[in-house]
Amino acid sequence: LPSGLFLFSRSSAKLVAPLGCLVSRQKHTLPDLPYDYAALEPHINAEIMQLHHSKHHATYVNNLNVVEEKYKEALAKGDVTTQVSLQPALKFNGGGHINHTIFWTNLSPNGGGEPKGELMEAIKRDFGSFANFKEKLTAASVGVQGSGWGWLGYNKEQGRLQIAACANQDPLQGTTGLIPLLGIDVWEHAYYLQYKNVRPDYLKAIWNVINWENVSSRYATCKK
């Protein structure tokens with residue numbers, strides 16, 4: 001199963017428990033956005049946000065539930081072949097759910113600017129300056145071939161921040177071991193309706209809505 005997969009309660013989008021036994025579990029649900037679809041305008045328009053959240057993320061959630069049911073059946077039968085064959089779908093849909101759940105909280109209509117406190121100190125320590133960090137994460141995100149994500153992650157073993165890019169919906173922690181702090185979705189569905197094929201323009205705009213309080217909170221949590 002994809003590492004870092006979490007269950008969602010039906011009443012809220014709060015993380016409630018790590019995925020354990022598939023025999024008795026709650027189904028994954030689409031988390032509510034903490035802001036309106038139009039709240040990130042003009043940087044990300046309402047039509048994109050509505051389709052991205054209510055269609056794309058919802059599809060990952062629905063498909064994940066279906067795949068997990070099939071996996072549960074294969075597990076009960078001791079059907080290892082089917083369990084193995086379901087792994088790509090678990091990774092794709094589970095990763096899509098994990099990634100987008102982080103992404104929505106990484107954005108805010110009150111975002112932008114620069115982080116403060118320990119996160120800013122860590123960025124300066126590991127990248128030299130905030131400007132240098134911003135340039136490197138932007139370049140990594142622009143450079144993703146096809147669909148994928150640009151990430152700022154925390155390397156717990158080395159105690160430092162690290163930039164990475166992941167293809168498709170590969171979850172950062174499950175595929176690299178880095179703890180996700182900030183994810184930038186560079187699938188075309190995240191920007192095409194507004195920015196067409198000019199991904200760099202979308203990446204320039206998204207920095208105006210980055211929720212540094214959320215990123216800082218994630219950093220503080222993973223350091224404990």
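Residue numbers start at 1 and run along the sequence shown. These figures come from a predicted structure and were not determined experimentally. What's counted below: heavy atoms across the whole structure, side chains too, no hydrogens, waters or symmetry copies.
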Only distances under 3.5 Å count here; give the side-chain donor-acceptor pairs of residues 130-148 to other protein atoms, sequence neighbours excluded, each with its distance to 0.1 Å.
| unit_1 | atom_1 | unit_2 | atom_2 | d |
| --- | --- | --- | --- | --- |
| Asn132 | ND2 | Phe127 | O | 2.6 |
| Thr138 | OG1 | Lys134 | O | 2.8 |
| Thr138 | OG1 | Trp207 | NE1 | 3.1 |
| Ser141 | OG | Leu137 | O | 2.8 |

task: Flag the pair Thr105 / Asn211 as yes when at least one side-chain heavy-atom distance between them is below 4.5 Å, and no otherwise.
output: no
- prompt: Any side-chain heavy-atom pair from Leu161 and Leu181 closer than 4.5 angstrom?
  reply: yes
message: Which residue in the set His28, His97, Gln169 passes side chain to side chain donor-acceptor pair (under 3.5 Å) when paired with Tyr60?
response: Gln169
task: Establish, from distance only, whether the side-chain atoms of Asn106 and Asn214 form a donor-acceptor pair under 3.5 Å.
output: yes
- prompt: Taking C-beta and beyond as the side chain, do Leu107 and Ile206 meet within less than 4.5 Å on heavy atoms?
  reply: yes
- request: Treating Ile, Leu, Val, Met, Phe, Trp and Tyr as nodes and any side-chain heavy-atom pair under 4.5 angstrom as an edge, say whether Leu193 and Leu203 lie in one connected cluster.
  value: yes
message: Please give me the minimum heavy-atom distance between Asn99 and Pro171, naming the atom from each residue.
response: OD1-CA, 3.7 Å
Which donor-acceptor pairs under 3.5 Å do side chains of residues 44-51 form with protein atoms, sequence neighbours excluded?
| unit_1 | atom_1 | unit_2 | atom_2 | d |
| --- | --- | --- | --- | --- |
| Asn45 | OD1 | Glu47 | N | 3.3 |
| Asn45 | OD1 | Ile48 | N | 2.9 |

- request: For the pair Lys72 and Glu69, find out whether any cationic side-chain nitrogen is under 4.0 Å from an anionic carboxylate oxygen.
  value: yes
message: Classify the ring geometry of His100 against Trp149: parallel below 30°, tilted from 30° to 60°, perpendicular beyond 60°.
response: perpendicular
message: Quick one, Leu119 with Trp212, criterion side-chain contact (heavy atoms from CB on, under 4.5 Å). Give me CA distance, side-chain angles, the key distance, then yes/no.
response: CA-CA 9 Å; Leu119 178 61; Trp212 289 115; 3.9 Å; yes
message: Can you confirm whether the side chains of His189 and His52 place a donor and an acceptor under 3.5 Å from each other?
response: yes
task: Determine, stepwise, if the pair Gln173 / Ile98 fulfils side-chain contact (heavy atoms from CB on, under 4.5 Å).
output: CA-CA 10 Å; Gln173 191 167 2; Ile98 291 169; over 6 Å; no
- request: Would you please name every residue forming a ring-ring contact (aromatic ring centres under 6.0 Å, His included) with Tyr219, sequence neighbours left out?
  value: Tyr154
Minimum side-chain heavy-atom gap Tyr202-His43 below 4.5 Å: no
task: Kindly give the heavy-atom pair with the smallest separation between Leu172 and Cys166, and that separation in Å.
output: CD1-SG, 3.8 Å
field: pair Pro109-Val209: side-chain heavy atoms closer than 4.5 Å
entry: no
- prompt: Can you list the residues that meet the side chain to side chain donor-acceptor pair (under 3.5 Å) rule with Asn155, with sequence neighbours excluded?
  reply: Gln162
field: Interatomic spacing from CG in Asn63 to CG in Asn93 - rounded to 0.5 Å
entry: 4.5 Å
- request: Go through the steps for Tyr192 and Asn197 under the test side-chain contact (heavy atoms from CB on, under 4.5 Å), then give the verdict.
  value: CA-CA 6 Å; Tyr192 197 86; Asn197 62 320; 4.1 Å; yes
task: Tell me yes or no: between the side chains of Trp187 and His56, is some donor less than 3.5 Å from an acceptor?
output: no
field: Partner set under side-chain contact (heavy atoms from CB on, under 4.5 Å) for Lys116, not counting sequence neighbours
entry: none
- request: Any pair with a residue in residues 184-209 that passes salt bridge (Lys or Arg N to Asp or Glu O under 4.0 Å), sequence neighbours left out, goes on the list, sorted by first then second residue, please.
  value: none
query: Which atom pair, heavy atoms only, marks the closest approach of Gly153 to Leu178?
result: CA-CB, 4.3 Å
message: Just to verify, what does Asp170 make a salt bridge (charged side-chain N to carboxylate O under 4.0 Å, His left out) with, not counting sequence neighbours?
response: Lys91
Non-neighbouring partners of His53 that pass side chain to side chain donor-acceptor pair (under 3.5 Å), sequence neighbours left out: Tyr37
- prompt: Where is the tightest heavy-atom contact between Leu30 and Ser54, given as atom of each residue plus distance?
  reply: CD2-CA, 4.4 Å
- prompt: Listed by chain and number, what are the side chain to side chain donor-acceptor pair (under 3.5 Å) partners of Glu118, not counting sequence neighbours?
  reply: Lys223
- line: Distance col, row Ile163:CD1 vs Asp126:CG, nearest 0.5 angstrom, shows 10.0 Å
task: Tell me, please, which residues at least two apart from Val84 pass side-chain contact (heavy atoms from CB on, under 4.5 Å).
output: Val80
Criterion side-chain contact (heavy atoms from CB on, under 4.5 Å) on Tyr35 and Trp104, from CA distance to verdict: CA-CA 9 Å; Tyr35 39 77; Trp104 308 133; 4.0 Å; yes
message: List the residues meeting side chain to side chain donor-acceptor pair (under 3.5 Å) with Asp79, not counting sequence neighbours, and say none if there are none.
response: Thr82
message: According to salt bridge (charged side-chain N to carboxylate O under 4.0 Å, His left out), who are the partners of Glu213, at least two apart in sequence or on a separate chain?
response: none
task: Output the distance between atom NE2 (His57) and atom CG (Leu33), rounded to the nearest 0.5 Å.
output: 9.5 Å
- line: Nearest heavy-atom approach of Ile123 to Ser129 is CG2-O, 4.0 Å
- line: Rounded to the nearest 0.5 Å, the NZ atom of Lys70 sits from the CG atom of Leu75 at a distance of 16.0 Å
field: Close side-chain approach of Asn62 to Val66, heavy-atom, < 4.5 Å
entry: no
